[in-house]
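Before any comments, here is the structure.
Only a predicted model underlies this, so the values are computations on that prediction, with no experimental measurement involved.
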Amino acid sequence: MKTTATADVIPAVIVDPVQEIQDFDRVVERYWARILRFVLAAVHDSDVAETLTQDCFWKAYRSRGAFRGESSLNTWLMRIAVNLVRDHARSRRFQFWKNAKQAAVDSDKTHEWLPDRSISPEQRASVNEQVQAVWEATENLSERQRTVFVLRFVEDMNSLEIAEATGLTENAVNVHLFRAVRAIRKRLKEPL
Amino acid sequence: MIRHLTEDQITRWFTGQPTTVERQHVQTCSACAGEVDRFGSTLSLFQSGVADRAERTFGTPPSMMEIVQTHTSAGQVVFGNFVEPPSLLVSLKRAIADVLYPPKIETTVAPVDVAPVWSSRRSQVPQAVSVLLHAAVVGSLLFFPAAASTLFQQPTLTSITMLTPKAPLVLPPDTGKSSGGGGGGMKTPTPPSKGVPPRGADRQLLPPVVEAKNLAPDLVVEPTVIAPQLAYLPQFNLNTIGDPNGVVGPPSAGPGSGGGIGTGKGTGVGDGVGPGVGPGEGGGTSGGVFNYGGIGGGLTPPSVLAKVLPEYSDDARKARIQGTVELIVIVNANGTTTLESVNRSLGYGLDQKAIEALKKWKFQPATKDGKPVAMRVAISVNFSLR
């Protein structure tokens with residue numbers, strides 16, 4: 001998808017985030033996939049990810065007037081998404097009547113993990129296996145660790161941006177990141 | 001210089017705070033560099049995998065032109081293609097309502113009558129034909145077990161071996177017809193003296209004599225009889241040549257004629273006619289039966305013209321007996337066979353079956369100088385279940 005730009009590209013093109021948010025249609029076009037990607041990796045449920053992404057942009061749209069451009073638009077949207085993910089994780093505990101993980105992204109749908117379709121089946125199987133292993137490993141992280149991990153390694157954000165998006169201090173982000181990576185490495189080394 | 005990076009140091013590498021020392025180590029140590037590369041590539045694969053997954057799951061984002069705060073009848077806010085999820089209370093209320101009053105599904109399809117396909121039978125002829133055919137086959141197998149046995153379990157006759165029987169050859173006073181034997185005598189008043197028949201040979205240069213007339217001959221010629229297997233002639237441990245059926249006494253050629261020993265005619269030994277030994281005519285030994293193995297000198301072995309495979313006996317089939325029956329038979333000059341003995345037995349009626357089958361065989365008899373003669377052969381019949 002064209003709109004999947006990385007964090008490095010977007011600030012170079014967009015100078016003033018306050019200007020940028022005026023054209024909200026373009027904002028959605030540009031950031032929808034990113035937010036969706038983050039939320040999906042954070043909640044592991046495609047339906048919930050859709051809902052939360054929609055909520056994220058809905059909230060951003062309603063409060064776009066309050067955006068003062070102190071941070072990049074990407075960080076701002078991501079902060080809304082992080083809060084929504086956190087709220088969702090809390091509220092899910094109470095909504096026991098809802099079928100949990102109705103549209104969970106099953107790790108056994110490994111054939112859908114196809115980062116590159118031009119590789120051989122053997123390589124693809126190996127890649128799928130690695131992606132699946134990390135995907136499963138992130139499930140066992142705490143919500144905050146997973147958020148930090150996904151922001152760092154899926155969204156390519158640095159510690160400062162993550163600190164802004166999550167409302168944590170930079171030190172806390174580093175500690176969470178360290179623990180998340182250590183836990184995932186430990187998990188990956190365990191025999192299946 | 002540090003040793004290899006610890007797990008924590010590698011972890012720190014990926015969280016962005018590697019020290020200078022660690023950096024230098026990774027540049028020089030291939031093991032640590034490999035570890036860092038491996039996990040780094042795993043992370044980047046994870047990144048692209050999640051991105052790919054997200055893109056293909058959700059397609060294109062909704063156009064924000066559709067963002068108008070329209071409220072549906074249920075009071076939800078429509079946003080793009082999505083519908084705002086109901087509030088906590090509303091969704092709980094709905095969940096309870098769904099449990100208490102499950103929604104009815106209206107069906108728009110009515111059942112249609114279809115003509116019965118399997119319940120009505122059209123023709124009974126194929127069924128009857130099938131039953132009759134099966135009954136015929138099964139019945140034939142039941143009432144003709146022999147046919148069934150040859151049909152399904154036919155023993156294989158893998159070999160007919162003709163070999164030299166080990167039975168010693170005696171010289172019975174056979175009065176019946178035979179193709180061997182011989183006789184002789186010098187018309188002396190005394191009966192033939194008891195002794196050893198001379199060696200058998202294909203040609204007789206000198207008839208057997210009881211007393212050497214010329215004690216110092218210029219050319220020594222051994223007296224012989226015409227017979228192929230003198231090794232089987234009974235040995236009496238007597239130095240003198242004589243008739244095995246003769247009487248112990250002074251050397252005597254016997255009352256026969258022709259120059260041999262005994263009461264018969266000719267240059268042989270015994271009461272027959274000819275150059276052989278024993279009763280009968282022509283060459284050979286008593287009874288006139290040649291033994292297989294003494295082939296040569298104008299003697300050809302018998303051969304099988306037609307053979308019938310033996311049946312398996314029921315007992316043997318049940319006991320699953322397999323093996324070889326060896327029969328000693330005499331192939332007569334007319335091509336028929338006479339059983340002499342069972343050399344190797346299997347039991348379970350298999351010997352009898354082999355003998356029965358052998359009776360139906362047709363042989364080309366053995367010949368001596370072109371004339372058919374009787375010959376003793378051993379025939380092995382192999383029984384095996386397939």
Worksheet entry | Nearest non-hydrogen partners of V131(A) and G49(B), listed with the distance | CG1-CA, 4.4 Å

Could you measure the distance from the [atom1] atom of [X] to the [atom2] atom of [Y]? Nearest 0.5 Å is fine.
X: Q132(A); Y: F46(B); atom1: CD; atom2: CZ; answer: 11.5 Å
X: T11(B); Y: R185(A); atom1: OG1; atom2: CZ; answer: 5.5 Å
X: R12(B); Y: N174(A); atom1: CZ; atom2: CG; answer: 11.0 Å

Flag side-chain contact, heavy atom, 4.5 Å: [X] against [Y]:
X: Q47(B); Y: D156(A); result: yes
X: L43(B); Y: F149(A); result: yes
X: F14(B); Y: F153(A); result: yes

Worksheet, complete the sentence: If one checks every heavy atom of I96(B) against chain A at 4.5 Å, the contacting part turns out to be neither

Worksheet item: Is the number of heavy atoms from other residues, nucleotides or ligands within 6.0 Å of CZ (R179(A)) greater than 12?
Response: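 Result for CZ/R179(A): open.
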
Worksheet item: Checking F38(A) against chain B: side chain, backbone, both or neither under 4.5 Å from a heavy atom?
Response: neither

